[in-house]
Chemist: 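First the structure, then my questions, so here it is.
For reference, positions follow the sequence shown, starting with 1.
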Amino acid sequence: MTRRSGILTGASFGLVLALACRVETDARAEYLRAVTATEAPLEAALRRLDRAFEGSDRSAAREAAREALAAATIARDSLEALRVPPTLAAALREELLFLNHVIPACRSFAAGDGGAAEIEKLRSILRRGRLHQRRGRDALR
């Protein structure tokens, strides 16, 4: 009888472990969907910013930076309110670090004249921010 109980306990443990892995995978996928949707307006604004840089349109670049600033602020506020399990805390922290690079960089750029030095400074800060974003996404694997 104890042997049978041991077998059932082992099988139950395996089932619980399999369900826990599935729940974890589901939580990661849901988190990624939420973050991607939350940051979609920001990503669109950053694409507009890149196009303005390519066209050397300083006015359009500053406007796109203002749009990116607004979208990043909304995204940061939304993600700060997000409750995640401890296994996703590092991913969320890195995502917030990304946004905390975007916000002051875009604010500064939008307030400036949009010259070459400011563009390079903005791009440099955004590259550093993207590193945090990639770390956060890599933490989901």
Chemist: Is the side chain of Arg28 donor-acceptor paired with the backbone N or O of Ala139 at a distance under 3.5 Å, no angle test?
Modeler: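 Between the backbone of Ala139 and the side chain of Arg28 there is a qualifying donor-acceptor contact (under 3.5 Å).
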Chemist: Do the charged groups of Glu43 and Arg130 touch, with an N to O distance under 4.0 Å?
Modeler: yes
Chemist: Do any pairs count as a side chain to side chain donor-acceptor pair (under 3.5 Å) and have a residue in residues 52-61, sequence neighbours left out, and if so which ones?
Modeler: none
Chemist: Which residues pass the side chain to side chain contact (heavy atoms under 4.5 Å, CB included) test with Ala68, not counting sequence neighbours?
Modeler: Leu42, Ala45, Leu46, Cys106
Chemist: Given 3.5 Å as the limit, does a donor-acceptor pair link the side chain of Thr36 with the main chain of Leu32, or not?
Modeler: yes
Chemist: Going by an N to O cut-off under 4.0 Å, is there a salt bridge joining Asp138 and Arg141?
Modeler: yes
Chemist: Would you please name every residue forming a side-chain hydrogen bond (donor to acceptor under 3.5 Å, both in side chains) with Asn100, sequence neighbours left out?
Modeler: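 Asn100: side-chain hydrogen bond (donor to acceptor under 3.5 Å, both in side chains) contacts with Arg76.
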Chemist: Would you say Arg48's side chain and Ala64's backbone share a donor-acceptor pair under 3.5 angstrom?
Modeler: no
Chemist: Sequence neighbours left out, what pairs pass ring-ring contact (aromatic ring centres under 6.0 Å, His included) with at least one residue falling in residues 49-75?
Modeler: Phe53-Phe109
Chemist: Honestly curious: do Ile74 and Leu92 fall in one hydrophobic cluster under the side-chain, below-4.5 Å linking rule?
Modeler: no
Chemist: Not counting sequence neighbours, list each pair that qualifies as a side chain to side chain donor-acceptor pair (under 3.5 Å) and has a residue in residues 90-99.
Modeler: Glu94-His132, Glu95-Gln133, Glu95-Arg137
Chemist: If hydrophobic residues (ILVMFWY) are linked whenever their side-chain heavy atoms come closer than 4.5 Å, directly or via other members, who joins Ile125 in its cluster?
Modeler: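 Cluster partners of Ile125: none, it stands alone.
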Chemist: Partners of Tyr31 by ring pair (Phe, Tyr, Trp, His ring centres under 6.0 Å), sequence neighbours excluded?
Modeler: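 Scan of Tyr31 (ring pair (Phe, Tyr, Trp, His ring centres under 6.0 Å), adjacent residues dropped) gives none.
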Chemist: Please report, to 0.1 Å, the donor-acceptor pairs under 3.5 Å made by any side chain of residues 114-123, with sequence neighbours excluded.
Modeler:
from: Glu118; atom 1: OE1; to: Asp113; atom 2: N; distance (Å): 2.9
from: Glu118; atom 1: OE1; to: Gly114; atom 2: N; distance (Å): 2.6
from: Glu120; atom 1: OE2; to: Arg127; atom 2: NH2; distance (Å): 3.1

Chemist: Taking only residues at least two apart or on different chains, which pairs with a member in residues 66-91 satisfy ring-ring contact (aromatic ring centres under 6.0 Å, His included)?
Modeler: none
Chemist: Quick one: closest heavy-atom pair of Ala72 and Val102, and the distance?
Modeler: CB-CG1, 3.7 Å
Chemist: Looking only at non-hydrogen atoms, find the nearest pair between Thr38 and Pro41 and report the distance.
Modeler: O-CD, 3.5 Å
Chemist: Can you list, by chain and residue number, the hydrophobic cluster partners of Ile103 when the side-chain cut-off is 4.5 Å?
Modeler: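 When side chains under 4.5 Å apart are linked, the cluster holding Ile103 also contains Leu69.
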Chemist: If you group Ile, Leu, Val, Met, Phe, Trp and Tyr by side-chain heavy-atom gaps below 4.5 Å, do Leu82 and Leu88 land in one group?
Modeler: yes
Chemist: Name all residues meeting the ring pair (Phe, Tyr, Trp, His ring centres under 6.0 Å) criterion together with Phe98; count only those two or more places apart in sequence or in a different chain, and write none if there are none.
Modeler: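 Partners of Phe98 by the ring pair (Phe, Tyr, Trp, His ring centres under 6.0 Å) criterion come out as none, since no residue qualifies.
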Chemist: Which residues pass the side chain to side chain contact (heavy atoms under 4.5 Å, CB included) test with Arg33, not counting sequence neighbours?
Modeler: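 Counting only residues at least two positions away or on another chain, Arg33 forms a side chain to side chain contact (heavy atoms under 4.5 Å, CB included) with Ala29, Glu30.
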Chemist: With the side chain counted from C-beta on, respond yes when His101 and Leu131 share a heavy-atom pair under 4.5 Å apart, and no when they do not.
Modeler: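 Of all side-chain heavy-atom pairs linking Leu131 with His101, none is under 4.5 Å.
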Chemist: Which heavy-atom pair separates Ala61 from Leu49 by the least distance, and what is that distance?
Modeler: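 The pair with the smallest heavy-atom distance is O-CD1, 3.1 Å.
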